[in-house]
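Shown next, in structure tokens, is the structure this report addresses.
Not measured: the values here are computed from a predicted model. Positions are given from 1 along the sequence.
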Amino acid sequence: METYDGCFLSPTGFDRLQFAGKVQLKPLLYLDTSTITGATLGQVLASANPMSVPRDLSCIQPFSSPLYPASSLVVLRGNLAPGGAVIKASASKHRELLRHSGRAVVFKNSAHLAETIDDPDLDVSPEDILVVQNIGPVGNPGMPEAGMIPIPRKLSAKGVTDIVRISDGRTSGTAGGTIVLHVSPEAADPESVLGLVRSGDAIELDAERGVLNVKLTEEEIARRKELRRAEIEDSGTLWVDREKTRGYRGLYMRSVTQAEYGADFDFLKANGPA
């Protein structure tokens with residue numbers, strides 16, 4: 001007998017498993033669509049083997065009994081992510097963290113994270129929220145899968161298995177934990193509130209309401225933006241330097257869209273640059 005994700009399957013089990021999924025999805029499908037065989041999708045389903053994996057052994061969950069009442073992917077918005085952010089709620093190891101307020105512990109980029117995350121003197125507790133800046137489309141050109149922020153060693157040694165983590169980066173779809181990704185606009189943008197967050201700031205996450213806020217007044221946010229503009233004029237940033245960067249790297253950094261638009265080239269949109 002073959003197995004698949006905990007299900008026992010006969011030699012034809014994979015065909016039956018696929019059929020079980022098609023039966024559930026049938027009301028949502030365009031049955032007149034042609035397949036590679038020339039037959040329509042409806043015709044293929046009609047001729048499929050009617051036997052399927054028994055309900056108690058099947059990995060296909062019926063619509064009448066979903067694992068979760070809503071999508072596991074939640075779009076968050078608030079002053080920390082006016083362009084949106086994403087969390088896979090089903091990946092949270094401790095569901096109470098999906099509605100949580102805590103103190104920010106900020107890392108400026110992936111290098112800073114690597115240098116300090118396991119420092120025994122790091123000021124961090126399980127109630128805190130880890131924030132990594134500058135791993136978005138421009139801040140870390142190419143937006144690598146750097147959003148799987150590890151749990152600080154001093155916490156994991158005490159048995160902590162999950163903590164709220166926030167970044168403008170992305171991660172593998174198989175990653176687990178209470179991890180907020182794709183914060184937009186990214187921290188590299190001078191107007192990004194994520195880029196203004198400092199260690200000690202209070203952050204509110206409420207996945208049920210789709211909320212992600214940093215508890216700063218509008219006046220304080222405006223003040224920090226002014227300070228940041230002055231810093232940029234004095235020292236420059238990747239966001240500014242992209243205007244004079246040559247080659248493909250410069251083309252990418254000037255033309256890539258924010259995560260909410262897919263981190264794609266703006267000139268590839270059907271209606272032209274944004």
Side-chain angles (χ1 to χ4, degrees), residues 3-7 17 21 24-25 58-63 65-78 80-81 83-107 110 113-114 117-118 124-137 140 142-184 186-187 194 197 203-214 258-260 262-263:
T3 63
Y4 179 74
D5 195 23
C7 295
L17 183 65
Q24 291 298 319
L25 294 177
S58 177
C59 300
I60 306 298
Q61 199 73 8
F63 285 116
S65 179
L67 288 175
Y68 300 100
S71 171
S72 64
L73 294 177
V74 179
V75 175
L76 307 169
R77 295 188 187 276
L80 188 54
V86 178
I87 184 171
K88 185 168 69 173
S90 62
S92 177
K93 296 179 181 179
H94 303 296
R95 296 309 172 90
E96 65 272 14
L97 291 177
L98 294 173
R99 187 176 183 181
H100 180 75
S101 293
R103 183 187 64 130
V105 177
V106 178
F107 304 90
S110 54
L113 174 70
I117 189 68
D118 289 331
V124 65
S125 74
E127 293 75 33
D128 291 336
I129 295 178
L130 306 184
V131 177
V132 178
Q133 302 165 327
N134 297 302
I135 58 173
N140 194 343
M143 200 180 181
E145 290 185 351
M148 183 57 192
I149 306 166
I151 295 174
R153 183 175 297 171
K154 65 186 297 181
L155 297 184
S156 61
K158 296 178 180 179
V160 175
T161 58
D162 200 2
I163 186 172
V164 177
R165 287 155 275 181
I166 299 173
S167 79
D168 49 8
R170 65 186 182 95
T171 190
S172 166
T174 61
T178 310
I179 304 175
V180 177
L181 301 161
H182 301 192
V183 173
S184 182
E186 64 176 300
L194 177 66
V197 175
I203 292 177
E204 172 197 17
L205 163 66
D206 190 330
E208 184 175 345
R209 295 190 297 125
V211 169
L212 185 65
N213 285 317
V214 58
Q258 287 296 289
E260 62 184 298

Should Pro137 and Glu186 count as side-chain neighbours, where that means a heavy-atom distance under 4.5 Å?
yes
Heavy atoms from other residues, nucleotides or ligands near CD of Glu208 exceed 12 (cutoff 6.0 Å)
no
Can any side-chain N or O of Asn213 pair as donor or acceptor with the backbone N or O of Gly78 at less than 3.5 Å?
no
Quick one: are Ile135 and Asp168 in side-chain contact, heavy atoms under 4.5 Å?
yes
Return the minimal non-hydrogen interatomic distance between Ile179 and Gly147, and the atom names on each side.
CG2-O, 3.6 Å
Any side-chain heavy atom of Leu98 sitting closer than 4.5 Å to one from Ile87?
yes
Hey, does Leu113 have a side-chain heavy atom less than 4.5 Å from the side chain of Pro150?
yes
Applying side-chain contact (heavy atoms from CB on, under 4.5 Å), can you list everything that pairs with Thr161, at least two apart in sequence or on another chain?
His94
Say you draw a straight line from CG of Leu76 to NE2 of His182; how long is it, rounded to the nearest 0.5 Å?
12.0 Å
Could you tell me if the side chain of Ser101 sits less than 4.5 Å from the side chain of Leu205, heavy atoms only?
no
Would one find more than 12 heavy atoms of other residues, nucleotides or ligands at under 6.0 Å from atom CZ of Arg153?
no
Would you say Leu194 and Leu80 make side-chain contact, with heavy atoms under 4.5 Å?
yes
Here's a test for you: under side-chain contact (heavy atoms from CB on, under 4.5 Å), which of Val106, Val124, Ile166, Ile151 qualifies with Leu130?
Val124
